[in-house]
Amino acid sequence: MSPSAAATKLIDQLLVRPGKPLSLSGHDPAATLGWDKEQAKTELVEVKARIDELQQRLYAEEKRSLLLVLQAMDAAGKDGTIRNILAGLNPAGIEVSSFRVPAGKEVLHDYLWRVHAEVPARGMIGIFNRSHYEDVLVVRVKQFVPKSVWSRRYDHICAFEQLLVDEGTTVVKCFLNVSKDRQRQRFQERIDNPHKRWKFRLGDLDDRKLWPQYQRAYHDALVRTSTDDAPWYVVPADRNWVRNLAVAKILLHHLEQMKPRLPPEEEGLDGLVIE
Ligand code: AMP
Ligand code: MG
């Protein structure tokens, strides 16, 4: 299969089709997508080289930006994905923003205020480790606000993302789909390994108990906000190597579609020799 046919197939497989029903249980978190682990490692190097090239063009062009949103349950590997994808890219062109429980000034504003401020500037790739989607996920599941409040937010989010798209930001969203059993294993590793304990909080178990409620909230968020302009992808996240390559390929696919171009060079450079 040609690289572009393979990319289209992957996109097809993982895309949440706008306006269509979605069955999250139909997405296997342990899927390998037909890849082989060793080959995937080699391919990831190639995909990242291509991302690097396009990122440089995007940066030089300074007209548009790309926002990659990562959402997932704990231990699905948001941090690992970011570390893996960023390694080897030019850090000057990439910004990572993490969203925690709102605090300070953040709580004095609407929920999109802090998010808008972190959207990547022209020329940049921005990666969101959690995002405005927390406001229809944890906030819904833990009932931090009544349904009458969170249920209006899907429309706000679609309008907000459309604004970004209209103004030159490509918006791509990945749900890292981990299984409950893999989360158990990874939590156990975090508890058993003193170097990983800092990643674990007892409160994480409260979220784990609410697994079905979170799945429902994810389902609704994905269905209500996957649009042609700001699509969601469901990425199998039980195997790190599948997750990393899939996210890298999705990122590459959208960068390729943007076709960033180097700015026109100044005249009079042909044959110029520096003395
Ligand atoms: P971590 O990403 O593991 O450092 O944890 C960040 C925590 O902040 C997670 O438990 C999120 O659910 C929580 N969080 C992020 N955004 C919000 C929000 N808007 N409202 C409430 N909790 C949030
Ligand atoms: Mg947590």
Side-chain angles (χ1 to χ4, degrees), residues 67-86 95-119 126-161 164 171 173-180 182-191 193-222 224-225 232 235 237 240 243-244 247:
L67 170 62
L68 175 65
V69 171
L70 298 181
Q71 276 292 157
M73 297 297 287
D74 283 314
K78 294 184 297 296
D79 295 318
T81 307
I82 293 170
R83 199 175 334 115
N84 194 278
I85 290 188
L86 291 195
E95 303 163 336
V96 178
S97 307
S98 300
F99 295 94
R100 301 230 156 95
V101 180
K105 259 185 148 184
E106 292 173 348
V107 291
L108 301 176
H109 290 270
D110 70 84
Y111 67 99
L112 289 174
W113 180 78
R114 64 172 183 164
V115 178
H116 204 164
E118 295 293 318
V119 164
I127 304 184
F128 279 5
N129 182 344
R130 304 188 189 269
S131 65
H132 42 301
Y133 284 95
E134 294 291 324
D135 293 283
V136 288
L137 294 165
V138 64
V139 167
R140 164 178 166 170
V141 170
K142 299 264 188 75
Q143 301 176 9
F144 292 156
V145 299
K147 181 173 183 186
S148 57
V149 173
W150 60 253
S151 61
R152 289 196 298 250
R153 293 183 170 173
Y154 303 102
D155 288 342
H156 303 157
I157 289 174
C158 287
F160 168 62
E161 292 178 355
L164 300 181
V171 179
K173 304 172 292 196
C174 289
F175 167 50
L176 308 184
N177 185 28
V178 74
S179 66
K180 195 173 178 198
R182 180 65 71 180
Q183 188 197 56
R184 180 189 58 73
Q185 282 176 19
R186 291 187 183 155
F187 275 174
Q188 195 65 55
E189 279 166 35
R190 288 178 181 187
I191 292 163
N193 181 342
H195 297 290
K196 290 192 175 176
R197 270 202 187 168
W198 65 272
K199 284 192 179 186
F200 185 79
R201 278 173 291 130
L202 283 169
D204 293 345
L205 297 178
D206 298 336
D207 285 337
R208 181 171 166 78
K209 284 199 197 103
L210 295 165
W211 192 273
Q213 287 88 336
Y214 271 105
Q215 290 299 108
R216 214 167 305 134
Y218 267 106
H219 170 274
D220 291 356
L222 268 53
R224 299 275 311 261
T225 65
W232 271 107
V235 173
N240 299 355
R243 180 199 69 206
N244 293 341
V247 175

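Both ligands and their constituent atoms are indexed starting at 1 by order of listing. Quick caveat: nothing in here was measured; it's all calculated off a predicted structure.
- Between F175 and Y218, the two ring planes are parallel [angle under 30°; tilted spans 30° to 60°].
- In terms of the ring-ring contact (aromatic ring centres under 6.0 Å, His included) criterion, residue partners of W113 (sequence neighbours excluded) are, by chain and number, H109.
- Residue contacts with ligand 1, taken as heavy atom pairs separated by less than 4.0 Å, involve V138 solely via side-chain atoms from C-beta onward.
- Judged by the shortest distance from any of its heavy atoms, R201 lies inside the 4.0 Å radius around the atoms of ligand 1.
- Here is the list of ligand 1 atoms found below 4.0 Å of a heavy atom in P102: 17 (C), 18 (C), 19 (N), 20 (N), 21 (C).
- Against a heavy-atom cut-off of under 4.0 Å, V139 is close to the following atoms of ligand 1: 20 (N).
- Under the ring-ring contact (aromatic ring centres under 6.0 Å, His included) criterion, F160 pairs with H116, H132, sequence neighbours left out.
- When the heavy atoms of R100, E106, R114 are ranked by distance to atom 19 (N) of ligand 1, first place goes to R114.
- Distances below 4.0 Å separate heavy atoms of R130 from the following atoms of ligand 1: 1 (P), 2 (O), 3 (O), 5 (O), 6 (C), 9 (C), 11 (C), 12 (O).
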Exercise. Before giving the answer on side chain to side chain contact (heavy atoms under 4.5 Å, CB included), spell out for L176 and M73 the whole-Å C-alpha distance, their side-chain angles and the decisive distance to 0.1 Å.
Key: CA-CA 8 Å; L176 308 184; M73 297 297 287; over 6 Å; no
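- At least one side-chain heavy atom of K142 sits under 4.5 Å from a side-chain heavy atom of L210.
- Residues R182 and Q185 bring a donor and an acceptor atom of their side chains to less than 3.5 Å of each other.
- Polar contact with ligand 1: absent for F144 (N/O pair, distance under 3.5 Å).
- Results of the salt bridge (charged side-chain N to carboxylate O under 4.0 Å, His left out) test with D74 over K180, R208, R130, R184 single out R130 as the only residue that passes.
- Looking at E134, K78, H132, it is E134 that brings a heavy atom closest to atom 11 (C) of ligand 1.
- Below 4.0 Å from some heavy atom of D135 lie the following atoms of ligand 1, by number and element: 19 (N).
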